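Naming: A, B, ... by sequence-line order, numbering from 1 per chain. Note that the structure is predicted; figures quoted are calculated from it, not measured.
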Protein chains: 2
Amino acid sequence: MPPDTKERILDSAELLFASEGVANTSLRVLTDHAGVNLASVNYHFQSKDALVQAVLYRRLNPINEKRIALLALAGVDLHKILDAFYRPAVDAVLDSAEQGRPIAALVGRIYSEPGELLSSQVRALMSDVFQRFFAAFQSALPNVPPDALFWRMHFCVGLMAHTFGALHLIEGMARGRVRIDDREEILRQMIAYAAGGLKADGGSQCASS
Amino acid sequence: MPPDTKERILDSAELLFASEGVANTSLRVLTDHAGVNLASVNYHFQSKDALVQAVLYRRLNPINEKRIALLALAGVDLHKILDAFYRPAVDAVLDSAEQGRPIAALVGRIYSEPGELLSSQVRALMSDVFQRFFAAFQSALPNVPPDALFWRMHFCVGLMAHTFGALHLIEGMARGRVRIDDREEILRQMIAYAAGGLKADGGSQCASS
DNA sequence: GTCTATAGGGTGATAGAC
DNA sequence: GTCTATCACCCTATAGAC
């Protein structure tokens, strides 16, 4: 009844890549942690690099598919569009934390890790998701110029990536002020802030000292 | 008049850590790039780890000191407070890019890199900066509850970190739509979005599907 | 499919001559 | 302060027995 070798490798890789980083995780430590033989990584996957891509594919593709499914139900309601974007990711991250295998840091780092971390398959779906949400935001916010909207969508991605990637840091600074395991609360905070940012006026000049 | 050995090591380390990542940069490649001897790293710094901290200290402390100086002039004007927070970082990142030694990715990753990347010295100043800006935002936004403000400040940090950490990715997706070398434009976009997010109403319930 | 053994090479750190 | 040489160890990937 324990999962098979291939899945155990994926599980351990996910955990260690998240906590130690990809480059700091050797295949020896990884296979020891998984309780499998060192050579099995190269048998089931071709290389460490391919393993990394398999780990990310398994996590990110379901998230992005759920985003597309939820977006189809959101209409032009800005909060629902944002919910469709954030909820699948927050669910995946907090579910994994509850199961003792936190992936927050891994998900938070996918945009900024050096090297070609993502397979073309994952990249293609992420690009598709970006295009769909861009169109949805345009419909919901017809007064925001496309160039400003492009920046703002990246800011929406960024606040989420940072929330996941620096979750331990945020938790440390909170000192009980906020709960990082309350997903509805986190979603409310992210959505409220992102909606305010997306709707903001002033993509031209103004401000600065 | 080339800079001395210690500085050349710092310069090369900064460049390679940014482009390849800390864990992927070996001291051999680093010292070859700097044109110095391998052993000089352990002479001038004690270890690779201490070198990492020295690299970050040199860049981050001036940024944080400028933030404090600008904040003192901002009063309770939200846009000026945000300008005080973002401008020193955007300046440092874009200056370095113009000089052919881009540090954006390095700065963008400091919050999410695994391991204890930052020295206690840098941590202390960053914590101080966070407290000061938190107080300033509270004065400028008396109606935002402290718990919501705590999240929102992290979102403000996150959109900046992601903008730097994923700058090459953003540039790739832009396809000429936006310019990533126009610092006043980037600052305008970041400040407008962050101001909208910070001011948003709805830290309680509402929204979601 | 799973194992052992090992090839072939890279790593951070240091001793000791200059 | 700077060099060479080297220690002691870790790494990914693979060949070949079972």
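With sequence neighbours left out, the side-chain contact (heavy atoms from CB on, under 4.5 Å) criterion links A/E171 to A/I180. By the side-chain contact (heavy atoms from CB on, under 4.5 Å) test, B/T25 is found to be paired with B/L16, B/F17, B/E20, B/L30, residues two or more places apart in sequence or in another chain being considered. Residues that satisfy the side-chain contact (heavy atoms from CB on, under 4.5 Å) test with A/D77, not counting sequence neighbours, are A/H79, A/K80. In this view, A/S139 and A/V76 satisfy the side-chain contact (heavy atoms from CB on, under 4.5 Å) rule, not counting sequence neighbours.
For DNA chain C, the contact window with chain B, defined by any atom under 4.0 Å from a protein heavy atom, covers C/dT11 to C/dT14 in 5' to 3' order.
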Which donor-acceptor pairs under 3.5 Å do side chains of residues 35-43 of chain A form with protein atoms, sequence neighbours excluded?
{"from": "A/N37", "atom 1": "OD1", "to": "A/A39", "atom 2": "N", "distance (Å)": "2.9"}
{"from": "A/S40", "atom 1": "OG", "to": "A/N37", "atom 2": "O", "distance (Å)": "2.5"}
{"from": "A/N42", "atom 1": "ND2", "to": "A/Q46", "atom 2": "O", "distance (Å)": "3.4"}

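For the segment residues 11-23 of chain B, the set of residues with a heavy atom within less than 4.0 Å of an atom of DNA chain D is empty.
Residue pairs satisfying the salt bridge (charged side-chain N to carboxylate O under 4.0 Å, His left out) criterion with at least one member in residues 126-136 of chain B, sequence neighbours excluded, are listed as follows: B/D128-B/R132. Each salt bridge (charged side-chain N to carboxylate O under 4.0 Å, His left out) pair with one or both residues in residues 52-62 of chain B, not counting sequence neighbours, appears once here: B/D11-B/R58, B/E14-B/R58, B/E14-B/R59. Applying the salt bridge (charged side-chain N to carboxylate O under 4.0 Å, His left out) test to every pair with at least one member in residues 40-56 of chain A, sequence neighbours left out, gives no pairs at all. Every pair passing ring pair (Phe, Tyr, Trp, His ring centres under 6.0 Å) that includes a residue from residues 103-138 of chain B is listed here, sequence neighbours excluded: A/H162-B/Y111, B/F85-B/F133, B/F130-B/H154.
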Atom pairs, N/O to N/O, protein against nucleotides 7-11 of chain D, distance under 3.5 Å?
{"from": "D/dC11", "atom 1": "OP1", "to": "A/S26", "atom 2": "OG", "distance (Å)": "2.7"}

